[in-house]
There are 2 protein chains.
Amino acid sequence: MNDIHNVSTGCPAFPAVLERVFGFAASVQQYMEAGLAEHGLSRARATVVWLVHRGGPQTQRELARAIGVTARNVTALVDGLEESGFVRRTAHPEDRRALLVQLTDRGSAVTAGLAAEYERHSAYLFAGLPEEQVRQFVATMDTVMVRLAQVATATANR
Amino acid sequence: MNDIHNVSTGCPAFPAVLERVFGFAASVQQYMEAGLAEHGLSRARATVVWLVHRGGPQTQRELARAIGVTARNVTALVDGLEESGFVRRTAHPEDRRALLVQLTDRGSAVTAGLAAEYERHSAYLFAGLPEEQVRQFVATMDTVMVRLAQVATATANR
DNA sequence: GATACATTGTGTATGTCATTCACTATGTAT
DNA sequence: ATACATAGTGAATGACATACACAATGTATC
């Protein structure tokens, strides 16, 4: 069970589902990046801002692990965010090697504005759809995401 | 009607739907790019290969318009694809300025292999789900995509 | 305490993707 | 013949991401 190479073709009626999912994902990301760009943020930098907003001040190493990129890359991202005034580097109180990344006032304000904007758009995107349909949509996304992870680890250990 | 700034909050029960959609899109793209990378393709280059596979030999200008990037960028992408043996540039029969991009044998083979692989994975990803649920999932994606486009044009003309 | 090892951040170099601007060569219309 | 539009590319630039090397600091071990 749970084996990728032994499926009894559970869904033969949709040959191009995955292709449509790819298109959907591309559209979503394009929309997301457009919204971020209006506030002077890129996807990569917004990820950092969002994580700091969620988890509070963190070291660059923690951010690198959370995002799944190299520490060197986070250095560059924080460089840009610091220059554009979204975040600030502060000394870690216990570890003199580490630096804590925290939001500036402007960083917090932009984050709040973005969240509100997306909330507003979200209401429009799903407006009129039966609540049950939206619920099931989210559930299907979750199911597919879990299996995507399975496929990823399966092909990684090959 | 169809106005973004006048929604009667059709779906108040899901505060973080859009955030989950963002996460889903990111996972899908990550999965897609991992599959492409195994065959030596990046997302950008695979887009070119896919369009040529679908629409037959095309000029770089047509590809640029279809992808939505500058012609200069397509030049670079085709440079890479030519060097790695996926596509070939041929003279346009009527327009001596233009170059036709067409798949090599290797390009066609890799494309076919990728399509088969994604087909196989797709069956797994949606296995066990009621056909009606998958159908509605696709329908919801389509609805949201249409409204995403509306939001995009609305904010662009602001 | 000294030694060895691990961890944090960053300089340097490299590569992909994407843009703008300038330019040549070619097509097209007047 | 002249003017304009189009197709592709060189040069320069920038964001994102990597690998490798290195200094500074923390931690464990003898």
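The sequence lines fix the lettering, A, B, ..., with proteins before strands; numbering per chain opens at 1.
Nearest to the side-chain atoms of B:Q60 among the listed nucleotides C:dT8, C:dT10, D:dT9 stands D:dT9. Ranking D:dA17, C:dC17, D:dG8 by closeness to the B:S42 side chain, first place goes to C:dC17. Across D:dT9, D:dC16, C:dG9, the shortest atom-to-atom separation from the side chain of A:T59 is found for C:dG9. When the nucleotides D:dA17, C:dA18, C:dA6 are ranked by their closest atom to the side chain of B:V69, C:dA18 comes out on top. Listed candidates were C:dT8, D:dG8, C:dT16. Nearest to the side chain of B:R61 is D:dG8. With distances taken from any side-chain atom of A:A44 to the nucleotides C:dT10, D:dA17, D:dG8, the minimum falls on D:dA17. Listed candidates were D:dT18, C:dT8, D:dT6. Nearest to the side chain of A:R72 is D:dT18. Distances were taken from every side-chain heavy atom of B:T70 (C-beta onward) to each of D:dA17, D:dT9, C:dT20; the shortest belongs to C:dT20.
Rounding to whole angstrom units, CG of residue A:D79 and C1' of D:dA17 are separated by 14 Å. To the nearest angstrom, C1' of C:dT16 lies 13 Å from CD of B:E83. Atom CD of B:E94 is separated from atom C1' of D:dA7 by 15 Å (rounded to the nearest Å). If you measure from atom CZ of A:R65 to atom P of C:dG9, you get 9 Å, rounded to the nearest angstrom. In this structure, the CD1 atom of B:I67 is 12 Å from the C1' atom of C:dC17, given to the nearest Å. Distance B:R97 CZ to D:dC4 C1': 12 Å, rounded to the nearest Å. Rounded to whole Å, the distance from CZ on B:R89 to P on D:dA7 is 15 Å. Rounded to an integer number of Å, the gap from B:L63 CG to D:dT9 C1' is 16 Å.
Nucleic acid contact class of A:A71 (heavy atoms, under 4.0 Å, all strands): base.
Residue order along DNA chain D, read from the 5' end via each residue's closest nucleotide, puts A:N73 first among A:N73 and A:R96.
Between B:R43 and the phosphate of D:dC16, there is no side-chain N or O to OP1/OP2 separation shorter than 4.0 Å. For B:T75, a side-chain nitrogen or oxygen approaches OP1 or OP2 of D:dT9 to under 4.0 Å. In this model, the phosphate group of C:dC17 is approached by a side-chain N or O of B:R45 to a distance below 4.0 Å at OP1 or OP2.
Between B:E19 and A:R54, at least one side-chain nitrogen of the basic residue sits less than 4.0 Å from a carboxylate oxygen of the acidic one, meeting the salt-bridge criterion.
Of the options B:R89, B:R106, B:R45, a salt bridge (Lys or Arg N to Asp or Glu O under 4.0 Å) to B:E82 is made by B:R89 and by none of the others.
A donor-acceptor pair under 3.5 Å is absent between the side-chain atoms of B:R61 and the main chain of B:A71, judged by distance alone. At least one donor-acceptor pair under 3.5 Å links the side chain of A:Y118 to the backbone N or O of A:M32. A donor-acceptor pair under 3.5 Å links the side-chain atoms of A:T104 to the main chain of A:F86, judged by distance alone.
Between the side chains of A:Q133 and B:T140, at least one donor-acceptor pair of N or O atoms lies under 3.5 Å.
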